[in-house]
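What follows is a set of notes on a single structure, which appears directly below.
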Amino acid sequence: MKTDLLATLNEKQQQAVSSPPNHQLILAGAGSGKTRVLIHRISWLIASNEASPYSVLAVTFTNKAASEMRARMSESLQTSVAQMWIGTFHGLAHRLLRMHWQDAGLPEGFQILDSDDQLRYIKRVIKYLELDDTRWKPKQAQSFINAKKDAGLRPQHIEPGFDLFVKTQLRIYQEYENIVRQAGVVDFAEILLRTYELLRDNPVLLQHYQQRFKYILVDEFQDTNAIQYAWLKQLAGNENYLTIVGDDDQSIYGWRGAKIENIHRFTQDFPTAQVTRLEQNYRSTQNILSASNALISNNTGRLGKELWTQDADGEDIAVYEAFNEIDEAHFITAEIKKWGQLHSFSDVAILYRSNAQSRVLEESLIQANIPYRIYGGQRFFERAEIKDALAYLRLVTNGHDGAAFERVINWPTRGIGDATQNLIREHSRAAQQSLWDAARAIIEQNILSARASKALQHFLNLIADLRETVWNADTLYEQVESVIKGSGLIEQYRATDRDKMLSRLENLEELITAARTYQPEHDEGSLLNSFLAHAALEAGEEQADEHQACVQLMTLHSAKGLEFPLVFMCGLEEGLFPHQMAIAEHKHVEEERRLCYVGMTRAMKKLVLSYAQTRRFHGREAMSPPSRFIKEIPEEFLSPVRITKSKNSGGYRTVSNYLPSNPIQAALPFQLGARVRHEKFSDGTVLAFEGQGEHMRVQVNFDRYGSKWLVLAYAKLVEVNQSCFL
DNA sequence: AAGGCAAATGTTTTT
DNA sequence: CATTTGCCTT
């Protein structure tokens with residue numbers, strides 16, 4: 001059965017899987033079966049009694065990749081992998097911090113700050129320091145701080161010199177550290193840095209883990225940053241074996257601290273490492289691969305790799321020149337429609353550089369009645385109402401959590417205005433205490449007006465009451481539910497935004513459901529704490545995907561790791577892709593080129609590129625030349641799409657298609673004021689119509705849910721026959 | 001203190 | 001164009 005592990009692998013893959021314990025660098029091109037090799041390698045080591053599941057540490061970058069690895073590992077080993085250390089950098093580091101919170105110098109129930117909360121703290125710091133926040137932008141300070149932490153640098157490690165910029169950012173960083181430490185919360189970068197320091201400063205602990213993890217395997221290594229690499233080296237020590245899998249040509253996260261150089265450094269730091277190149281591709285046609293190879297060869301400093309396949313050349317890559325973005329969308333839609341006659345819509349992906357491009361595409365797809373799904377966008381745990389509810393839960397768990405405190409002190413509005421809040425902040429800073437303690441002190445010292453004081457006391461009492469309720473509740477579900485109900489958020493949403501109210505309330509319901517079904521992976525700390533950490537670390541990957549066959553829309557970044565028979569890459573124009581911000585710097589253009597390479601290599605059978613002569617962008621019409629990336633692909637692999645003017649092939653090029661076919665308003669399906677019934681929202685009154693044909697939207701004032709705009713074609717409205725009540 | 005209106009401001013995304 | 005932010009009025 002050990003040899004079974006090799007049966008389905010090619011020679012190079014076998015070599016990587018079956019070599020005796022060693023350091024390995026596996027340069028794995030797109031679609032070359034890298035995750036497979038990783039899984040088989042681990043299984044091989046275990047089958048050879050070189051390793052036990054206990055002595056393996058497998059690290060990935062995203063939660064999605066981690067759960068896929070767990071699933072495939074479990075399948076391969078035919079046992080549960082619950083006890084194995086397979087996870088993301090942040091997930092595993094977090095686990096270590098929970099286990100050794102004392103040694104790490106953290107409070108037991110420390111909470112995790114997401115970027116939103118982090119920004120809140122930074123804004124507060126900038127105010128404290130009396131800096132002008134138009135000159136010293138909170139976002140900029142945030143990237144400065146995170147970049148330094150990602151590089152493993154604490155404020156005291158940074159030499160400010162005479163540069164006012166660095167000096168100021170450093171002051172912000174320093175102050176931010178103080179306030180965050182006081183609150184007992186950690187940001188994402190801190191999780192990694194703190195873990196690194198924990199092991200560095202505790203030789204006994206380090207030795208323990210070094211003795212335990214004999215085999216350390218890392219996926220998507222090109223995405224690791226300095227601190228992650230340092231952590232890996234630390235755990236590897238002198239005895240253990242590191243296997244890293246990566247592709248320098250697919251490094252697209254440089255702007256967020258990923259160090260492509262880590263691959264080069266690895267070969268220097270571990271000179272005995274066996275290097276394997278996986279270049280045989282099992283995904284795409286030869287034409288797609290040749291074109292991709294040609295494109296990426298324009299980059300400098302590559303480790304070098306040429307993808308090839310045993311498959312046929314396949315079709316040429318199609319290139320369509322649209323005259324504007326609407327034409328482009330119509331072309332893509334028409335092509336998808338053709339595809340859909342023989343194949344599934346779920347085979348198709350539309351990739352674009354920036355999220356703003358999705359709207360035109362969506363409109364066109366809706367019009368053509370093609371089901372689609374957009375990846376990315378807002379994630380569940382990042383929605384405002386969810387974050388509000390979580391903030392209450394966090395505050396209940398830890399009153400000193402300043403970000404949570406600020407988020408909900410006056411939400412729902414309860415008469416605690418800016419004046420009072422500023423007073424609390426000032427006091428907290430002066431007395432070096434948390435906002436919570438400061439608020440209490442202020443009430444005791446009687447410096448507030450009676451009204452403000454009462455409002456504030458009311459808030460503190462509310463949290464205290466909720467705390468007691470949570471304390472007395474038996475299950476996580478009851479805890480979450482009682483806090484949401486007690487917070488007053490539901491009433492607040494009901495009263496304010498009528499448009500979003502329904503989805504907000506539904507989301508809160510879903511949060512309660514999530515609490516009901518939540519299963520902690522490891523049993524450290526209280527269930528509520530673990531739930532909150534889960535919410536921060538996994539902001540809601542698993543969106544309930546209806547299993548309808550849908551066209552997939554996503555950015556090029558989120559397409560990494562996926563594959564589709566038919567791929568459209570649109571908006572290939574200078575300024576959009578490569579993006580304007582990247583054009584000035586050579587290094588950035590190369591990253592854009594890698595992004596293009598990633599996009600192209602997603603395609604299995606057919607790749608279609610498109611660009612528009614003019615595009616409406618930020619409200620103005622812009623004319624851009626085609627992307628340089630198109631010119632970098634040899635013409636022999638391309639074939640321009642000829643514009644067919646025949647009536648039934650779509651005719652997407654004709655101007656008349658952009659104009660409403662019938663300028664006279666078509667007959668309305670309902671009279672204004674008609675009573676209608678909706679499956680979900682029940683009964684309501686028709687208020688208005690908008691748009692034409694399949695675009696047509698209707699505004700209905702629902703008796704129970706307030707007024708909403710619905711796409712008529714989807715809303716399935718039925719006129720309520722009022723005569724039966726007469 | 002809260003809601004409403006004008007002005008500013010626009011990559012990519014994970015944890 | 002569309003969304004968010006900040007200022008200004010009640």
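Within every chain, numbering begins at 1; the chains are lettered A, B, ... in the order of the sequence lines, protein sequences first and strands thereafter. Worth knowing before you read on, the calculation uses all heavy atoms, side chains too, and leaves out hydrogens, waters and symmetry mates.
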Compare the minimum distances between each of B:dT15, C:dA2, B:dT12 and the side chain of A:Arg359, then state the nucleotide with the smallest one.
C:dA2
Taking CG from A:Leu96 and P from B:dT15, how many angstroms apart are they, rounded to a whole number?
18 Å
Which residues pass the side chain to side chain donor-acceptor pair (under 3.5 Å) test with A:Asp248, not counting sequence neighbours?
none
side-chain contact (heavy atoms from CB on, under 4.5 Å) partner of A:Phe188, the single match among A:Asn146, A:Asp114, A:Leu113
A:Asp114
Candidate nucleotides B:dT15, B:dT12, B:dA1, ranked by approach to the side chain of A:Thr555 - the nearest:
B:dT12
Can you name the residues that form a side-chain contact (heavy atoms from CB on, under 4.5 Å) with A:Leu131, not counting sequence neighbours?
A:Ile126, A:Leu129, A:Trp136, A:Thr168, A:Arg171, A:Ile172
Starting at atom NZ of A:Lys149, determine the distance to atom P of B:dT14, rounded to an integer number of angstrom.
21 Å
By the 4.0 Å heavy-atom rule, please label A:Phe617 as base, sugar-phosphate, or nothing.
nothing
For A:Arg353, report the nucleic acid contact type (base, sugar-phosphate, nothing); a contact means any heavy atom under 4.0 Å.
base
Rounded to whole angstrom units, what separation is found between the CG atom of A:Asn225 and the C1' atom of B:dT13?
14 Å
Quick test of your reading of the model: are A:Lys259 and A:Asp150 salt-bridged, counting only N-O distances below 4.0 Å?
no
To the nearest Å, how far apart are A:Met554 CE and B:dT13 P?
11 Å
Scan A:Glu592 against the nucleic acid and name what it touches under 4.0 Å (heavy atoms): base, sugar-phosphate only, or nothing.
base
What's the closest nucleotide to the A:Ala582 side chain, out of B:dA2, B:dT11, B:dA1?
B:dT11
Tell whether A:Thr62 reaches the base of B:dT13 with its side chain through a donor-acceptor pair below 3.5 angstrom.
no
Which is true for A:Asp418 with a 4.0 Å heavy-atom rule: it touches a base, it touches only sugar-phosphate, or it touches nothing?
sugar-phosphate
Base, sugar-phosphate alone, or nothing: which one does A:Asn410 contact when heavy atoms must sit under 4.0 Å apart?
sugar-phosphate
Measure from the side-chain heavy atoms of A:Arg616 and tell me the nearest of B:dT14, C:dC1, B:dT12.
C:dC1
